[in-house]
Amino acid sequence: MKRIAVLPGDGIGPEVTEAAVKAIKKAAVKYNIDISLEYGKIGGIAIDETGSPFPETTEALCQRADAILLGAVGGEKWNDLPSEKRPESGLLSMRKKVGTFANLRPASIMPGMEGASPLAPRIIGDGFDILFVRELTGGIYFGEKGVSLSDDSHIAWDKMSYSEMEIKRIARMAFEEAFKRRKNLVSVDKANVLKSSRLWRQTVENMSKEYPSVKLRHMYVDNAAMQLVINPRQFDVILAPNMFGDILSDEAAAITGSIGLLASASLRADGKGIYEPIHGSAPDIAGKDIANPIAAILSAAMLLRHAFGEEKAASSIEAAVYKVLKEGKRTLDIARENEIPIGTMEMTKEIITRM
C-alpha cells in the first residue's frame with residue numbers, strides 16, 4: 001500500500017489538488033498501483049482551525065506517509081500575522097521536519113506552447129529543458145534572524161550559512177540527475193563576495209571528481225540570471241543554494257510561458273518527498289473554476305515517478321498533458337488572443353480522458 005498525504009491548503013490549492021488526485025487515481029487503476037489517500041490541513045486554513053500553520057496532526061500524517069501532495073498556502077487574510085505564525089512558516093516547517101533538502105524544478109517549453117514564452121523565437125529556438133536542483137533546508141531562509149534597535153534606528157539581519165555536509169548531499173543529487181540527462185551541470189554561487197559561496201564552490205568542485213563524465217561549470221548568480229534570458233538552451237541541470245535557486249527557478253518559470261504549467265518535487269535521499277505546483281495560492285481566482293491544474297497534475301506525475309518508481313504511470317500523465325496542450329486546449333492563464341479558454345474542471349477532464 002502506497003500512502004499519500006494530501007494537503008490542499010489555501011486559495012486555489014483545493015481545486016488543483018483535486019485535479020492531481022484524479023490523475024493519481026486514474027493511473028492507479030490503469031497500472032494496478034495500491035494507494036491510500038489521507039487528507040490534512042496546512043497553511044491558512046490550518047491556522048483558522050487549529051491556530052498553527054503546521055499542526056501536530058498534519059505533521060504526524062506527513063511522517064507516516066510515503067509521499068505528500070501539496071496544493072498551495074497563503075493569502076492576504078493572514079499577512080498581518082507574525083512571521084512565525086504565517087502560512088508560509090508552516091511550509092518551511094514541514095520541509096525541515098520531513099527532511100526534504102532537495103527541490104527539483106523542471107522548466108521547459110511544452111508542446112504547443114512555443115509561442116507563449118516572452119522570449120523571442122530566435123532565443124527559444126526549438127525549446128529548452130532545464131532541471132533546477134535547489135537546496136531547500138539551509139542557507140538564509142533557515143539561518144539566524146533578528147531585529148534590534150540601535151541609536152534610534154532599527155537593524156535587521158538574516159544569517160546565510162552552509163555546512164560542507166549540506167552542500168555535499170545536494171551536490172550529489174545534482175550530479176546524479178545530470179548524469180541521467182545530458183551530463184551538463186552549472187553550479188550557481190556568489191563566490192566573489194560570499195564566504196559561504198566559496199565553500200559551496202570548493203565542495204562542488206571536489207565532488208565533480210566522482211563524476212568525470214559530467215561537465216561542471218560555475219556561474220555567479222547575477223550572470224546566471226542574465227544567461228537564462230539570453231540563452232536558456234545552454235542549460236541542462238542548474239544547482240543552486242536555497243535563495244538563489246528560489247529566484248532563478250521562478251525566472252525560468254516565467255520564460256516558459258506560465259507558472260501554471262510547472263511542477264516541483266522536494267525530496268529526501270530516499271525519494272520520499274513533497275510534490276507541489278510552483279505557483280501560489282492565488283486567492284483572487286479561488287473558486288472561479290479558472291485556475292490552471294496542469295502544474296498540480298504534473299506534480300502528481302513526479303510523485304509517482306520519484307516516490308513510487310512508477311515510470312509508466314508518470315509518463316502516461318505527462319503524455320496526456322502534452323497531448324491536450326498540443327491540441328490547443330487552454331486555461332485562461334495560457335490562452336492567447338482569439339482562443340476560448342476552458343475551466344479547471346474541463347481541463348482536468350480532458351487530461352484524464354487521454355491517459
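- Residues M302 and A263 approach most closely at SD-CB, 3.8 Å, considering heavy atoms.
- In this structure, R354 pairs ionically with E350, as a charged nitrogen and a carboxylate oxygen lie closer than 4.0 Å.
- Closest approach of G343 and T331 over heavy atoms only: O-CG2, 4.2 Å.
- Other residues, nucleotides and ligands contribute at most 12 non-hydrogen atoms within 6.0 Å of the CD atom of E56.
- Residues meeting the salt bridge (charged side-chain N to carboxylate O under 4.0 Å, His left out) test with E166, sequence neighbours left out: none.
- Residues T348 and K22 are in side-chain contact: their nearest non-hydrogen atoms beyond the backbone lie under 4.5 Å apart.
- Distance alone, capped at 3.5 Å, is enough to place a donor-acceptor pair between the N242 side chain and the L136 backbone.
- Annotation: side chain to side chain donor-acceptor pair (under 3.5 Å) contacts of H218 (sequence neighbours excluded): E205.
- Side-chain contact between N292 and L261 is present, with at least one heavy-atom pair separated by less than 4.5 Å.
- Using modelled atom types, no side-chain atom of K145 and backbone atom of A156 make a donor-acceptor pair closer than 3.5 Å.
- The backbone N or O of A313 lies less than 3.5 Å from no partner atom in the side chain of R305, so there is not a single donor-acceptor pair.
- With a 6.0 Å radius and a threshold of 12 heavy atoms from other residues, nucleotides or ligands, I340 has its CD1 atom at or below the threshold.
- Looking only at distances, a side-chain donor or acceptor of K272 sits under 3.5 Å from a matching main-chain atom of A65.
- Not a single donor-acceptor pair under 3.5 Å links the side chain of Q202 to the backbone N or O of V204.
- Within a 6.0 Å radius of CG in N192, other residues, nucleotides and ligands contribute more than 12 heavy atoms.
- Residue M226 places its CE atom among more than 12 non-hydrogen atoms of other residues, nucleotides or ligands, all under 6.0 Å distant.
- No more than 12 heavy atoms of other residues, nucleotides or ligands sit less than 6.0 Å from atom NZ of K159.
- Here the side chain of S108 pairs no donor or acceptor atom with the backbone of D129 at under 3.5 angstrom.
- Looking at R198, its side chain does come within 3.5 Å of a backbone N or O of A191 through a donor-acceptor pair.
- More than 12 heavy atoms of other shown residues, nucleotides or ligands fall within 6.0 angstrom of atom NZ in K96.
- Side chain of R134 to main chain of L239: no donor-acceptor pair is present (N/O by atom type, distance under 3.5 Å, no hydrogens or angles).
- Counting heavy atoms from C-beta outward, N184 and F235 have side chains that stay 4.5 Å or more apart.
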Only pairs under 3.5 Å count here: list side-chain donor-acceptor contacts from residues 1-18, not counting sequence neighbours, and write none if there are none.
{"from": "R3", "atom 1": "NE", "to": "R64", "atom 2": "O", "distance (Å)": "3.2"}
{"from": "R3", "atom 1": "NH1", "to": "R64", "atom 2": "O", "distance (Å)": "3.2"}
{"from": "R3", "atom 1": "NH2", "to": "R64", "atom 2": "O", "distance (Å)": "3.1"}
{"from": "D10", "atom 1": "OD1", "to": "G44", "atom 2": "N", "distance (Å)": "3.3"}
{"from": "D10", "atom 1": "OD1", "to": "I45", "atom 2": "N", "distance (Å)": "2.9"}
{"from": "D10", "atom 1": "OD2", "to": "G44", "atom 2": "N", "distance (Å)": "2.7"}
{"from": "D10", "atom 1": "OD2", "to": "G74", "atom 2": "N", "distance (Å)": "2.8"}
{"from": "E15", "atom 1": "OE2", "to": "G287", "atom 2": "N", "distance (Å)": "2.6"}
{"from": "T17", "atom 1": "OG1", "to": "G13", "atom 2": "O", "distance (Å)": "2.7"}

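- Annotation: ring-ring contact (aromatic ring centres under 6.0 Å, His included) contacts of F308 (sequence neighbours excluded): none.
- Contact check for D126 versus R233: side-chain heavy atoms found under the 4.5 Å cut-off.
- A distance-only check finds a donor-acceptor pair linking the side chain of S249 to the backbone of D246 [under 3.5 Å].
- Across all non-hydrogen atoms, the minimal contact from I33 to A27 is CD1-O, 4.1 Å.
- Between K349 and E346 there is no salt bridge, since none of the side-chain N atoms of the basic residue sits less than 4.0 Å from a carboxylate O of the acidic one.
- Remark: side-chain polar atoms of D289 are paired, donor with acceptor, to backbone N or O of T344 under 3.5 angstrom.
- Cation-pi check for K209 over Y211 is not met; the charged atom does not lie both under 6.0 angstrom from the ring centroid and within 45 degrees of its normal.
- For N79, the side chain to side chain donor-acceptor pair (under 3.5 Å) partners are R86, not counting sequence neighbours.
- Atom CG of N32 is surrounded by 12 or fewer heavy atoms from other residues, nucleotides or ligands within 6.0 Å.
- Shown here are the side chain to side chain donor-acceptor pair (under 3.5 Å) partners of E210, two or more places apart in sequence or in another chain: R172.
- Applying the 6.0 Å contact sphere to NZ of K190 captures more than 12 heavy atoms from other residues, nucleotides or ligands.
- Taking each heavy atom of K329 and I342 in turn, the nearest pair found is CB-CD1, 4.1 Å.
- Nearest approach of F244 to D189, heavy atoms of both residues: CE1-C, 4.0 Å.
- Considering only heavy atoms from C-beta on, T100 stays 4.5 Å or farther from I68 through its side chain.
- Between K77 and D48, at least one side-chain N (NZ, or NE/NH1/NH2) sits under 4.0 Å from a carboxylate O, which counts as a salt bridge.
- Using a 4.5 Å cut-off on side-chain heavy atoms (C-beta onward), R95 and I274 make contact.
- No side-chain heavy atom of F54 sits less than 4.5 Å from a side-chain heavy atom of S89.
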